[in-house]
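In what follows, a structure is listed as structure tokens, so that the remarks can point back to it.
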Amino acid sequence: GPLEEVSIPLYFGWFLLFSVKNKIKCTSMDFLKTLDTLDAFKKHSVDFTGKAEKEVDLEQYFKPAGILHCTTKFCDYGKAEGAKEYAENQAVIKSYGSISDLSLSAFFVTPRTCGARVYLTEEQLQLWPADAEKQAEPVPEAAASLPLGSRAHITLGCAEGVEPVQTGIDLLEILAQQESQQGELVEEMELGSLTYYGEGKWLLNLREPICVPACFSSIYG
Ligand code: A2P
């Protein structure tokens with residue numbers, strides 16, 4: 001009935017605790033600030049501007065994301081495939097409201113999105129849908145063979161007119177390229193090593209993962 005339908009949220013995920021939100025925002029802003037001043041980045045700024053040698057201010061370019069979180073299952077109030085099964089999964093019910101540490105292993109930027117890669121633990125993978133890497137269109141072909149959890153990320157910002165669902169697709173595309181060693185190591189930065197994957201795709205692998213506490217919950221609004 002209709003009551004049952006409203007009990008399925010828009011999405012489930014890990015929501016960063018209030019106390020660490022600003023830390024992540026600051027660290028990612030610092031990364032953007034540093035990235036767009038690098039000569040290597042300026043050389044490829046046409047990927048972002050469409051014009052050669054035009055400077056980009058990445059902090060302005062991306063509209064900041066609202067609630068910092070890592071989506072596990074987009075349910076669309078029950079309309080998405082497998083939503084009901086996910087909401088009724090014992091692991092999901094048991095973990096609901098629990099707090100665990102998310103390990104951020106990389107920051108990435110494309111002309112569409114900016115995000116942080118999340119490296120999931122075995123326990124967190126219990127809450128990860130088996131088809132997450134294959135869902136949503138269009139998913140890069142090579143992504144189907146990536147390990148479970150590869151798509152896990154936090155959307156930090158989107159370019160004008162871009163929906164947040166794009167962030168996970170961009171990450172999968174970069175990881176598929178990483179798998180086939182298509183990246184070009186550009187520079188060792190303070191936070192880690194920066195690799196360019198062509199067409200405006202940049203990934204900073206963090207030397208030290210950033211640990212942030214998050215609550216497994218859902219959003220209805
Ligand atoms: P993401 O997890 O990359 O941030 P929206 O505001 O567009 O309704 O999306 C709500 C959240 O659900 C966002 O966090 C978004 O992306 C995620 N999301 C939206 N659509 C999908 C989808 N088809 N598959 C997976 N996640 C989605």
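FYI, side chains are in, hydrogens and waters are out, and symmetry mates aren't considered; it's all heavy atoms of this structure. Remember, it's 1-based here, ligands and their atoms both numbered in the order they're listed.
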Worksheet entry | Under the side chain to side chain donor-acceptor pair (under 3.5 Å) test, residues paired with Thr71 that sit two or more places apart | His69
Worksheet item: Is the shortest side-chain N to carboxylate O distance from Glu190 to Arg207 below 4.0 Å?
Response: no
Discussion item. Please list, in number order, the atoms of ligand 1 under 4.0 Å from a heavy atom of Thr155.
Written reply: 1 (P), 3 (O), 4 (O)
Practice prompt. Could you tell me if any non-hydrogen atom of His153 lies under 4.0 Å from any atom of ligand 1?
Written response: yes
Fill in: Residue-ligand contact His69/ligand 1, heavy atom below 4.0 Å
yes
Worksheet item: For ligand 1, is Glu81 a contact, meaning one of its heavy atoms is under 4.0 Å away?
Response: no
Worksheet item: Looking at Leu175, Leu203, Leu104, which one forms a side-chain contact (heavy atoms from CB on, under 4.5 Å) with Arg117?
Response: Leu175
Item to complete: Number the atoms of ligand 1 from 1 as they appear, then name those within less than 4.0 Å of a heavy atom of Glu163, with their elements.
Response: 7 (O)
Practice prompt. Pull out every atom of ligand 1 sitting under 4.0 Å from any heavy atom of Thr71, numbered as shown with elements.
Written response: 1 (P), 2 (O), 12 (O), 14 (O), 17 (C)
Solution key, residues 31-38 side-chain donor-acceptor pairs under 3.5 Å, sequence neighbours excluded:
unit_1, atom_1, unit_2, atom_2, d
Thr34, OG1, Asp30, O, 2.7
Asp36, OD2, Leu58, N, 2.8
Thr37, OG1, Thr34, O, 2.7

Worksheet item: Out of Phe48, Tyr196, Tyr61, which one pairs with Phe41 under the ring-ring contact (aromatic ring centres under 6.0 Å, His included) rule?
Response: Phe48
Practice prompt. Give yes if a backbone or side-chain nitrogen or oxygen of Pro164 is under 3.5 Å from a nitrogen or oxygen of ligand 1, and no if not.
Written response: yes
